[in-house]
Protein chains: 2
Amino acid sequence: MRRKTKATSIDIAHRAGVSQATVSRVLSGSPLVNAETRKRVEAVARELNYKVDRHASSLRTQRSATLALLLFEDPTADESHINPFFHAMLGSITRACARHGQDLLVSFQQLSDDWHADYEDSMKADGMILLGYGDYLEYRDKLQSLVEQGTRFVRWGAVMPGQPGVSIGCDNHAGGRLVGEHLLALGRRRIAFLGDASSHYPEFFERYRGCDAALQAAGLAMDPALQVDAESSEEAGDAAARTLLARGQGFDAVFAASDLIAVGAMRALAEAGLQVPADVSVVGFDDIPMARFTRPPLTTVAQDTTRAGELLVETLLRQVRGEPAESTLLPVTLVVRRSCGAGQ
Amino acid sequence: MRRKTKATSIDIAHRAGVSQATVSRVLSGSPLVNAETRKRVEAVARELNYKVDRHASSLRTQRSATLALLLFEDPTADESHINPFFHAMLGSITRACARHGQDLLVSFQQLSDDWHADYEDSMKADGMILLGYGDYLEYRDKLQSLVEQGTRFVRWGAVMPGQPGVSIGCDNHAGGRLVGEHLLALGRRRIAFLGDASSHYPEFFERYRGCDAALQAAGLAMDPALQVDAESSEEAGDAAARTLLARGQGFDAVFAASDLIAVGAMRALAEAGLQVPADVSVVGFDDIPMARFTRPPLTTVAQDTTRAGELLVETLLRQVRGEPAESTLLPVTLVVRRSCGAGQ
DNA sequence: CTGAAAGCGCTTACAG
DNA sequence: CTGAAAGCGCTTACAG
């Protein structure tokens, strides 16, 4: 990145009085170098601000020490509006990459785009991390063809048997159960669910089923009349809550499939003259930063994004090294704030 | 990224019955190729799913077709909490890079880290985009040394004469002025400012001064007793509003230096029993997605992030090509919602 | 318009 | 422990 001519390993070799091969050994941390020699070379390298040329190195080793992050979104979604939860993931993935000496190429894609076409054969990255919302049944085939092509990837999402490739996800079912149990303990019985609840969106669906499992354990069940589809956005949450209200079915709690949906729903509820939590408990999912600043503060389910990022990177690197890698489910925790009627 | 052996330009050459050089010419879009030959080569390349090896290409051309985005943060800031505004920028930068055929390497850094050490000489990127909040007087020296080393970079931030390097930023002064004029028109006179207002944080300072300019034009002025320092976060906004209230100085409007600060301040004001906008007008800056979903919805100043991302990338690429590049100021617009007392 | 050839800056068997 | 040499897959003057 400088205009001045860059130092090469040959320059270092001359100055240090060794061969270029030795310089390379020193800088790649090879043990086959005399300690004294190493010191001398390192000193010269530092002095000339020498850095190994990544392209030359990668060309030779056929490894790029780079991972690609593909953030994909539903084509119908607003372009500029990415779930804050994914931003937390982006941060933790970036840091995990840094810890593992990997660079991170970031790209936004539409679900409809041809993911594999680009990174696959140009050696830009050794593997890719897939992160996004969208119709699972739609991109499932894409995952399948990635597997068939031998592409290394990890995906953040629902972890289910028989999926193509390796997935890391949080325990959505357990999260839903925690929410259901908590609302039951607060005396709520008619729990509405705002978010898609079908195999097209398995993460939301698992949250729904977890909540349902809690109700069933108490001899109750989720009422399909209280479920309204919504993608993860404030707008969708607002619209879904209006739809719910318009149905005229009684409910005493809203379980929003994501915090964004919860924020939108809370606005719609307030405009309808309903008090949260006095009239309706509201619970979200994700624990985005804003959840502490809604009024009232939002009870929600927190996912460990730091661990998630680390695990995504580790699992992908395992594949890159040819080691076996498996899907993992991460635990979640219920964060109780005031919107449910209990707590602080 | 595939396990199967990758096709090279030589494979394509054999199959297409031309030399490897011709294949290279076709794939780099050279005009020196017969149309028929081009067609044949392209067909074979498509069939074998051939992609130019980026490392080989970059090694040869000494260009990486990759830009680096450094998101830096104040070391004191919460690691996981990045300003939503920067996420919008990240999205637009990513898309602009895609349009210009550039890959984007993303990295998070602390203000204290040694930025230049990493990307500078390893040829990972042709230039870098700097995006972050932090004490300007602290990182100014770093910018200066980047310039001296001939590193190509653009920075998002305040645009002022005599700055090291090239900056793209929005017209913070004009934004502040719009806010001041609007609040005056609504009959507000005592405008508090929540956010740092010193040359350490020139973007906030310009917003402050713009508002002050509007007041001065009306024979008034900002009252330093109504200014409270705050970095860009909800927590800081909450704390700053409490400090302001504790001072016991009367005020009828709050101009928050960012939407995040505004969100925190609105919570503190509500807890103090103040009505927005009846008792106090609140205006933010950035127009983050959440601004439409605060209660009441937040009046704020919108920056054109799409144009900003495009301009950052374009300006950086101009430098990479050795063309002159200059700092640019982008216009802003006032988005009137209900928190100021006017509008919708 | 096309081909043969040099060379980008490394890594890594191979030989000592 | 060290060096000489081959070669990773391209691009681009050079010659025709």
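Chain letters run A, B, ... following the sequence lines, proteins first and then strands; every chain starts at 1. FYI, side chains are in, hydrogens and waters are out, and symmetry mates aren't considered; it's all heavy atoms of this structure.
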Without swapping roles, check the side chain of B:Ser327 against the backbone of B:Ser167 for a donor-acceptor pair under 3.5 Å.
-> yes
Kindly compute the distance separating OG (B:Ser64) from CZ (B:Arg54), expressed to the nearest 0.5 Å.
-> 7.5 Å
Taking the six-membered ring for Trp, are B:Phe108 and B:Phe72 ring centroids under 6.0 Å apart?
-> no
Is there a donor in the side chain of B:His100 and an acceptor in the side chain of B:Glu310, or the other way round, less than 3.5 Å apart?
-> yes
Across the strands shown, which category fits A:Thr37 at heavy-atom distances under 4.0 angstrom: base, sugar-phosphate, nothing?
-> sugar-phosphate
Protein proximity profile, nucleotides 5-13 of chain C - base contact B, sugar-phosphate-only contact S, no contact -, cut-off 4.0 Å on heavy atoms = -BBBBBBBB
Extract the stems that DNA chain C is part of, considering only consecutive pairing runs of at least three Watson-Crick or G-U wobble pairs, both distances under 3.5 Å.
-> C:1-3 with D:14-16, C:5-12 with D:5-12, C:14-16 with D:1-3
Just wondering, do B:Asp11 and B:Val44 contact through their side chains at under 4.5 Å, heavy atoms?
-> no
Classify the nucleic acid contact of B:Ser30 as base, sugar-phosphate or nothing, counting any heavy atom under 4.0 Å across all strands shown.
-> nothing
Between B:Val166 and B:Glu326, is any pair of side-chain heavy atoms under 4.5 Å apart?
-> no
Less than 4.5 Å apart, any side-chain heavy atom of A:Arg307 and any of A:Leu330?
-> yes
Side-chain heavy atoms of B:Thr66 within contact of B:Asp126, under 4.5 Å = no
Between D:dT12 and D:dG16 - C1' atom distance, rounded Å = 16 Å
